[in-house]
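To keep things clear, I will list the structure first and then write my remarks on it.
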Amino acid sequence: MEMVSTIASLITDVVNFAGGLLLLFGAVTLGTNLKDHNGPGISSGAWSIAGGVLIIAVATYFGTLTVS
């Protein structure tokens with residue numbers, strides 16, 4: 001069972017990292033499009049931020065699950 005928990009922890013870490021990258025990408029997109037007053041780009045950046053937060057939340061929840 002230790003191997004399963006190690007794999008679950010690795011998956012959680014990788015998905016958290018991916019969510020963080022998406023959140024960072026969304027923040028940069030949002031910031032640059034706010035500067036240019038680009039409506040569709042602002043929307044895209046905001047949705048990327050929301051997606052990154054959701055991915056991080058799901059990965060965190062996945063990390064709390066236990067295998068018995």
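Of all heavy-atom pairs spanning Ala59 and Asn16, the tightest one is CB-OD1, 3.6 Å. Here the closest non-hydrogen pair linking Gly26 and Ser48 is CA-CB, 3.5 Å.
In the hydrophobic cluster analysis, where Ile, Leu, Val, Met, Phe, Trp and Tyr join through side-chain heavy atoms closer than 4.5 angstrom, Ile42 is grouped together with Ile49.
The residue from Ile7, Thr12, Asp13 that alone fulfils the side-chain contact (heavy atoms from CB on, under 4.5 Å) condition with Ser9 is Asp13. Exactly one of Val15, Val14, Leu21 qualifies for a side-chain contact (heavy atoms from CB on, under 4.5 Å) with Phe17. That residue is Leu21.
One finds the CG atom of Leu54 at 11.5 Å from the CG atom of Leu23 (value rounded to the nearest 0.5 Å). Taking CG from Leu10 and OG from Ser5, the interatomic distance works out to 11.5 Å, rounded to the nearest 0.5 Å. Annotation: the span from Thr29 atom OG1 to Leu24 atom CG amounts to 9.0 Å, rounded to 0.5 Å.
In this structure the side chain of Leu30 reaches within 4.5 angstrom of the side chain of Leu34, judged on heavy atoms. Looking only at side-chain heavy atoms (C-beta outward), Phe62 and Ile11 come within less than 4.5 Å of each other.
A distance-only check finds no donor-acceptor pair linking the side chain of Ser44 to the backbone of Pro40 [under 3.5 Å].
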